[in-house]
Amino acid sequence: MSGTKLYEGKAKILFTTNDPNILLSRYKDDATAFNALKKGTIANKGEMNCAIASHIFQYLEIQGLATHFIKQVSPNEMQVAAVKILPIEVVVRNIAAGSICKRLGLEQGQPLKQPLVEFFYKNDDLGDPLITDAHVAMLDLATPEQAAQLKQLALDINQHLQTFFDRCNLILVDFKVEIGVDVKGKLLLADEISPDTCRLWDKAIADPSDRIMDKDRFRQDLGNIAEAYQEVMKRVLAA
Ligand code: TMP
């Protein structure tokens, strides 16, 4: 049962529930890119991402990682723990793609020597700029201890997700996570893990466009977007 709307983001809406420690997260079909300069919808995305994220959160919990996930309550809704989201988007990269190629002149598809963790300031007005630990401290976005924990948590999540997606015949190129702090001060993986927030390439396809199974199909107008999400969902739910 959903209460009042707390917050509407680009891909989800958060509602209160009868329990102050529990929120309802409703996944939307809306898709945006480039800080919402590009807008559209992907048919059935809300249900597909909710199913994918629910499955992955449960997998990570079994692996011993703490997430905000409580339970899926409808095709496009899940109950989550009420947390305070840290205003830091944590990106982990295994292969060069997207913004790092533009920023550093790397070739798309170039494997990185080791996983790279990057922090971005979660601020739409500023276009989510890349920041360093010094900026995190200066802006009081997290304590130094939390920043160190965030990096380790992101690397742990990466290891588990790489193993998981490998079983789905998908290569985890990179992904973004958001971390929340619960009432006890504990860090929990929050937001979502889905083809909106991960770059996933089909292991069996060599063509650089055809292998893309994530929101880059929307960002780059590659077509067959919903079909790619559907295929990811099928493989995730079977893994
Ligand atoms: P980037 O290459 O554009 O920096 O994106 C890195 C990863 O983060 C990629 O998997 C897509 C994801 N991402 C989001 O989930 N939300 C965002 O707003 C952006 C810019 C990227």
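Remember, it's 1-based here, ligands and their atoms both numbered in the order they're listed. For the single chain, residues carry numbers from 1 onward in sequence order. Values below: all heavy atoms of this structure, side chains included; hydrogens, waters and symmetry mates excluded.
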Legend entry - Test of ring centre spacing under 6.0 Å for Phe119 and His135: no
Inset, instruction - Kindly confirm or rule out an N or O of Asp128 lying under 3.5 angstrom from an N or O of ligand 1. - result: no
Inset, instruction - Report yes if Arg103 has an N/O atom closer than 3.5 Å to an N/O atom of ligand 1; otherwise report no. - result: no
Legend entry - More than 12 heavy atoms from other groups under 6.0 Å of CD on Gln159: no
Legend entry - Whether over 12 other heavy atoms sit under 6.0 Å from Lys203 NZ: yes
Inset, instruction - Check for a donor-acceptor pair, side chain of Gln146 on one end and backbone N or O of Thr143 on the other, with a separation under 3.5 Å. - result: yes
Contact atoms of ligand 1, heavy-atom distance to [X] under 4.0 Å:
X	result
Phe175	10 (O)
Thr197	10 (O), 12 (C), 15 (O)
Asp196	15 (O)
Ala97	2 (O)
Arg93	1 (P), 2 (O), 4 (O), 6 (C)

Residue part near ligand 1, for [X], under 4.0 Å between non-hydrogen atoms:
X	value
Asn35	neither
Arg219	side chain
Lys215	neither

Legend entry - NZ or CZ of Lys5 within 45° of Phe15 ring axis and under 6.0 Å: no
Inset, instruction - Kindly indicate, with the supporting measurements, whether the criterion side-chain hydrogen bond (donor to acceptor under 3.5 Å, both in side chains) is fulfilled by Gln162 and Asp166. - result: CA-CA 6 Å; Gln162 276 190 309; Asp166 190 62; over 6 Å; no
Legend entry - Within-cutoff protein neighbour (heavy atom, under 4.0 Å) for atom 14 (C) of ligand 1: yes
Inset, instruction - Starting from atom 18 (O) of ligand 1, locate the nearest protein heavy atom and write down its residue, its atom name and how far away it is, to 0.1 Å. - result: Glu89 OE1, 4.0 Å
Inset, instruction - Distance to 0.1 Å, residue and atom name: give those for the protein heavy atom nearest to atom 9 (C) of ligand 1. - result: Asp174 OD1, 3.1 Å
Inset, instruction - Name the option, out of Ser99, Gly98, Ala33, Cys198, that contains the heavy atom nearest to atom 1 (P) of ligand 1. - result: Ser99
Inset, instruction - Please work out which of Arg199, Lys122, Lys176, Glu178 has its closest non-hydrogen atom nearest to atom 3 (O) of ligand 1. - result: Arg199
Legend entry - Ser99 and Arg93: CA distance, side-chain angles, deciding distance, side-chain hydrogen bond (donor to acceptor under 3.5 Å, both in side chains) verdict: CA-CA 11 Å; Ser99 72; Arg93 300 179 191 272; 3.0 Å; yes
Inset, instruction - Taking atom types as modelled, find out whether Asp196 and Tyr229 have a side-chain donor-acceptor pair closer than 3.5 angstrom. - result: yes
Legend entry - Taking every non-hydrogen atom, the tightest pair across Cys50 and Gln72: SG-NE2, 3.8 Å
Inset, instruction - Check which hydrophobic residues are tied to Val91 through side-chain heavy-atom contacts below 4.5 Å, counting indirect links as well, and list them. - result: Phe120, Leu130
